[in-house]
Structures are given as structure tokens and as C-alpha cells.
Amino acid sequence: MSACGDGGDSAGSASNPYGLAQPGVLRAGTLTDAPPNVYLKDGKFTGFDNDLLTAVAGKLGLRVEFVGTDFSALLSQVNNHKFDVGSSSITITEARKKTVDFGNGYDFGYFGLDVPAGSPITGFDQLAGKRVVVVQGTVQDDYATGKQLDPVRVPDYNGAVNQLKAGTADAWIAPAEIGEKSAADSNGKITVAAKQLSPAPTAYAVAKGGDKLREALNKGLDEVIADGTWSRLQAQYYPGRPVPADFTPGSGKAATPAGSAPPSASASASTAS
């Protein structure tokens, strides 16, 4: 059976209310190389975003089937129904809303600045005239372009890491958690020079007009916030990372269980530019 969108017969049927390509199966496009957010481990797709999506889908009675892809192609693949949903720490932007629809935000993020060990670069304000690498199509790409840095674009995070290790890039603007993990795994070849709060939350992407699926994912997200799953996964994948005081996951109507929320810190919001 193929997905027809919310207006098609399969979308309206009792057996397939969300118009999925395969009833009962949520086909998710994701990445393989971006820990701790989304990655492959022992042949299994995991990471905060993917484990959270699995929990959300469970609330809807759906099984998730993850498929690896490049980030630069992900949003168009979601809107063309190759995937039912995109799961890859996708920051909500006005430009991206022209291609896909977004559910409620489930996470926040920081921009990280990774540099080769020994680099004199210590901040985002020192990148003019430098060879800066970004993953194509990301908000880090948007940031670098907006700052007129003429970035070097690569298709995936491994490509960015390899540029730093080889000395062919002076810096990599990365999602901070991914940059920190990459630096920790680099045997001292890469360090994190700085980070700053990203301006918008991350969310799951669905095809334009996929309102039934989007609303169901929002409902499931609120349920996993309320039962403590969201906080447990935050603590598992981002231990010690403070939650900005002005960030609320989901619809804002689901309270996290007492004692389950990660630490919050209003001071963290001051890193935004």
C-alpha cells in the first residue's frame, strides 16, 4: 500500500488513519553518524531523537522503521513521502516550513565550534577569512552563509570531522552535542572552542498537509513527556546539560513528573547571539 496524503483513501481508513506508506509502520528518515542525537550502534538506529521517536510511536501503536539518508536530502524525501517522518534534530526555520510541516519542539540545541587541537580560534567572531566546514543544508550552514563565511559544505558529519583531522579546515560549525562527542572520540586531534544557543527548537518533520500524523505525534510527545521518558532520555544522552529556563518541550501542557526533569539554568540562554 502507498501513502496518499491525508486526503487519500488509505489515509482515511481505520487501518491507516495517518496515511503511512505501510499501515502500522512509521518509516523515519534519519542519519547514521551524528551521536548522541541520531546514529547507528551495533547495526541499530539509536540516539536521543530516534529513541524518543520510538517511544512516541509506541504511544500511537506504531512500529518505527529507520532508514539512513543525507541531511541535505531529508526534508524533500519526507515531503515526497519516501519517509513518513524526518528524525534528525531538525531545527524549525521559516525556510524549511516551505518544504515540510513540523510537530511541536522536543529539544533545544547549541551551535558548537570545533577546531583542530592547538588552533588559536576561540570564538565564532574569529572565523572571517578562515576555511569553515559545515554539513550541507543544516542551520549551521545557514549561520555560516548569513555571516558571509563562504563555508565548505560536506554531506555528512564524518566528512566534517575528517576535514578537521586532515587539517583541510580551520573550524567546523556543528550541533554542539555532536561536536563535543566528535572531539571526545578524536584522540586529542579536535577540541571544542566555543558554543552558543541555537535560536529555535528541534522537531520531527512530516509532509506538507500531513495534519493527522503531525497531531498524533504531538499527542504522543506530550504522553512521553508526562510519563518521564523525555527526561530520562535527556539525562541518558546529555548528562549534566542544563535545560534553558525558557524552553518547554511539546505543547507545554504536559508536565514532567516531579524529580524527573534535567537541571535548568536561565544563564544558559545568555549564550545565544
Side-chain angles (χ1 to χ4, degrees), residues 31 33-39 47-49 71 88-93 105 107-202 234-235 237-247 262-273:
L31 307 187
D33 63 344
N37 302 41
V38 287
Y39 61 103
F48 174 81
D49 301 68
F71 187 85
S88 184
S89 292
I90 307 169
T91 302
I92 300 171
T93 69
D107 200 13
F108 58 96
Y110 292 83
F111 287 176
L113 185 62
D114 280 29
V115 297
S119 170
I121 296 173
T122 59
F124 289 86
D125 59 346
Q126 300 173 341
L127 299 179
K130 303 297 184 182
R131 186 175 172 86
V132 179
V133 64
V134 295
V135 173
Q136 183 176 358
T138 61
V139 288
Q140 293 80 33
D141 185 351
D142 295 342
Y143 174 87
T145 302
K147 295 293 184 179
Q148 299 182 326
L149 298 178
D150 192 22
V152 176
R153 296 176 177 88
V154 294
D156 55 39
Y157 293 103
N158 283 333
V161 170
N162 290 337
Q163 289 255 354
L164 289 186
K165 287 182 176 179
T168 54
D170 298 309
W172 167 32
I173 303 175
E177 296 81 12
I178 296 170
E180 289 169 353
K181 182 68 165 57
S182 298
D185 293 342
S186 72
N187 294 319
K189 295 181 179 180
I190 298 171
T191 61
V192 178
K195 70 177 184 179
Q196 63 186 36
L197 191 66
S198 179
T202 60
Q234 283 278 324
Y237 285 104
Y238 312 124
R241 183 184 72 161
V243 178
D246 59 353
F247 174 77
S264 64
S266 58
S268 64
S270 67
T271 59
S273 62

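Because only heavy atoms are used, hydrogens play no part in the values below, and waters and symmetry mates are left out as well, while side chains stay in.
Every residue meeting the salt bridge (charged side-chain N to carboxylate O under 4.0 Å, His left out) condition with D185, not counting sequence neighbours, appears here in chain and number order: K181. When the ring pair (Phe, Tyr, Trp, His ring centres under 6.0 Å) test is applied to F111, the partners found at least two apart in sequence or on another chain are Y143. Applying the side-chain hydrogen bond (donor to acceptor under 3.5 Å, both in side chains) rule to S89 yields the partners N37, D49; only residues at least two apart in sequence or on another chain are considered. Scored by the side-chain hydrogen bond (donor to acceptor under 3.5 Å, both in side chains) test, Y39 finds no partners at all (sequence neighbours excluded). Under the salt bridge (charged side-chain N to carboxylate O under 4.0 Å, His left out) criterion, D141 pairs with R153, not counting sequence neighbours. Applying the salt bridge (charged side-chain N to carboxylate O under 4.0 Å, His left out) criterion to D107, with sequence neighbours excluded, gives R241. In this structure, the ring pair (Phe, Tyr, Trp, His ring centres under 6.0 Å) partners of Y238, at least two apart in sequence or on a different chain, are F48. Remark: R131 pairs with no residue by the salt bridge (charged side-chain N to carboxylate O under 4.0 Å, His left out) rule, at least two apart or across chains. With sequence neighbours excluded, the residues forming a side-chain contact (heavy atoms from CB on, under 4.5 Å) with T191 are V115, A117, listed by chain and number.
The two residues P242 and Y110 make their nearest non-hydrogen contact at O-OH, 4.3 Å. The shortest heavy-atom contact between A144 and I173 is CB-CD1, 4.1 Å. When all heavy atoms of F71 and G137 are compared, the closest pair comes out as CE2-O, 3.3 Å. Considering every non-hydrogen atom in both V192 and G179, the closest pair reads CG2-O, 4.0 Å. Heavy-atom minimum distance, F108 versus Q234: CE2-OE1, 4.2 Å.
Panel note: side chain D114, backbone W172; no donor-acceptor pair is recorded below 3.5 Å.
Annotation: the span from L149 atom CG to L127 atom CG amounts to 5.5 Å, rounded to 0.5 Å. I178 contributes atom CD1, which lies 9.5 Å from atom OG1 of T138 (distance to the nearest 0.5 angstrom). Note that CD of Q126 is 8.0 Å distant from OG of S119, once rounded to the nearest 0.5 Å. Taking OH of Y157 as the reference point, atom CG of D33 lies at 7.5 Å (rounded to 0.5 Å).
Identified under the salt bridge (charged side-chain N to carboxylate O under 4.0 Å, His left out) test for residues 117-128, with sequence neighbours left out: none.
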Identify every side-chain donor-acceptor pair in residues 158-169 under 3.5 Å, counting partners at least two apart or on other chains, and give the distances.
| from | atom 1 | to | atom 2 | distance (Å) |
| --- | --- | --- | --- | --- |
| N162 | ND2 | N158 | O | 3.2 |
| Q163 | OE1 | T168 | OG1 | 3.0 |
| T168 | OG1 | Q163 | O | 3.2 |

